[in-house]
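As structure tokens, the structure follows; a few thoughts come after it.
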There are 2 protein chains.
Amino acid sequence: MPSEETEVGPSRELVSDVFARDCPSRAAFEDVTAKWASLALLALREGNYRFNALRRRVEGVSEKMLSQTLQALERDGMLTRDVVTAIPPRVEYALTPLGAQVAERLRGLADLLEASAGEVARARASYAGRQSQPPVRT
Amino acid sequence: MPSEETEVGPSRELVSDVFARDCPSRAAFEDVTAKWASLALLALREGNYRFNALRRRVEGVSEKMLSQTLQALERDGMLTRDVVTAIPPRVEYALTPLGAQVAERLRGLADLLEASAGEVARARASYAGRQSQPPVRT
DNA sequence: CGGTATCCCTAAGGATACTG
DNA sequence: CAGTATCCTTAGGGATACCG
């Protein structure tokens with residue numbers, strides 16, 4: 001008898017849990033919350049984008065990272081990549097319904113943090129003060 | 001007259017934008033969506049945790065990373081660190097109101113992804129199929 | 001335009017050992 | 001127990017060059 005902690009049948013849908021090391025949902029969670037991925041999803045929420053336009057929208061991302069990020073998100077079914085063969089070539093990125101749902105939630109998180117910027121700044125100032133006690137003369 | 005739109009004066013609160021490279025909200029956003037930070041916040045949503053209990057809850061995190069992660073989150077005002085001087089020492093971590101709000105949104109995202117695990121898996125299978133065309137004999 | 005390929009370097013991150 | 005310190009390896013990520 002195998003380890004009894006998992007009483008999941010072979011043909012049943014496994015229970016997803018982001019806390020579990022090997023759970024696919026954790027991988028997906030990490031993919032969408034990755035540094036550039038969340039910003040890309042947020043941007044595509046505003047409408048479709050072509051590669052370089054997206055690159056301009058997401059300040060600071062390099063071509064390489066944007067490319068890798070978009071591949072990962074396409075792979076996970078978060079967005080579609082539509083290649084228009086023409087001169088010059090065009091590639092349009094758009095959210096899938098799933099990607100839109102994810103982006104919506106990321107938006108909520110971003111809104112909260114944008115609105116709480118002041119509170120975070122105050123917390124940081126307070127923390128800095130608590131850490132560095134005034135120089136003690138010895 | 002609270003925040004109407006963008007009447008940003010010198011001494012007024014700046015408009016936060018996660019897309020901006022140097023916006024504090026982007027930093028906070030990245031801190032909170034960092035690999036281990038989101039899981040730590042999610043865990044603390046279940047109740048307070050001591051260091052090693054949290055380490056067990058967040059599968060796969062090393063002592064070092066958990067320590068660094070918790071410091072960053074404390075710094076941003078997402079959680080409190082309560083040291084009980086005793087033998088053995090105890091340190092309790094708990095969410096602040098802000099941290100709880102953030103965690104709540106992360107939970108929504110995690111729920112969505114846990115529920116969509118099947119869809120993601122299908123997308124991945126489809127993607128793999130589209131990428132590797134059947135070996136072409138030359 | 002929309003990438004991929006290569007090079008290279010920094011920083012993330014794990015393992016281990018040690019301290020209060 | 002709750003970390004910090006150290007060491008070391010990997011991988012993230014930027015810059016550049018080049019192809020379809």
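Lettering of chains follows the sequences in order, A, B, ..., and the numbering in each one begins at 1.
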> What is the distance from CD1 of B:I87 to C1' of C:dT19, rounded to the nearest Å?
Replying inline: 14 Å
> So what does A:Q68 hit on the nucleic acid, given a heavy-atom distance under 4.0 Å: a base, only sugar-phosphate, or nothing?
Replying inline: nothing
> Does a donor on one side chain and an acceptor on the other come within less than 3.5 Å for A:R122 and A:S126?
Replying inline: no
>> Can you tell whether the side chains of B:R124 and A:E74 come within less than 4.0 Å, N to carboxylate O?
In response: no
>> Reading DNA chain D from 5' to 3', where do the contacts with chain A start and stop? Cut-off is 4.0 Å to heavy atoms.
In response: D:dG13 to D:dG20
> Between C:dA12 atom C1' and B:L66 atom CG, what is the distance in whole Å?
Replying inline: 15 Å
>> In whole Å, I'd like the distance from the CE atom of A:M65 to the C1' atom of C:dA5.
In response: 15 Å
> Separation of B:L70 atom CG from C:dG13 atom P, in whole Å?
Replying inline: 14 Å
> In whole angstroms, how far is the C1' atom of C:dT6 from the CD atom of A:E63?
Replying inline: 14 Å
> Expressed in angstrom and rounded to an integer, what is the separation of A:Y49 atom OH from C:dC1 atom P?
Replying inline: 16 Å
> Starting at the 5' end of DNA chain D and moving along, which residue's nearest nucleotide shows up first, B:Y93 or B:K64?
Replying inline: B:Y93
> Do the side-chain N and O atoms of A:Y93 and A:R81 include a donor-acceptor pair separated by under 3.5 angstrom?
Replying inline: yes
> So, the side chain of A:T96 versus the backbone of A:M78: is there a donor-acceptor pair under 3.5 Å, distance only?
Replying inline: yes
> Can you check the B:K35 NZ to C:dA11 P distance for me, whole Å?
Replying inline: 19 Å
>> Expressed as a whole number of angstroms, how long is the span from B:R55:CZ to C:dG13:P?
In response: 15 Å
> Base, sugar-phosphate, or nothing: which does B:R81 touch, judged by heavy atoms less than 4.0 Å apart?
Replying inline: sugar-phosphate
> About how many Å separate CD of A:E59 and CG of A:L39, when rounded to the nearest 0.5 Å?
Replying inline: 10.0 Å
>> Whether the side chain of A:T33 engages the backbone of A:F29 through a donor-acceptor N/O pair (distance < 3.5 Å, no angle test) should be reported.
In response: yes
> Looking for any heavy atom pair under 4.0 Å, which part of the strands does B:E92 touch: base, sugar-phosphate only, or nothing?
Replying inline: nothing
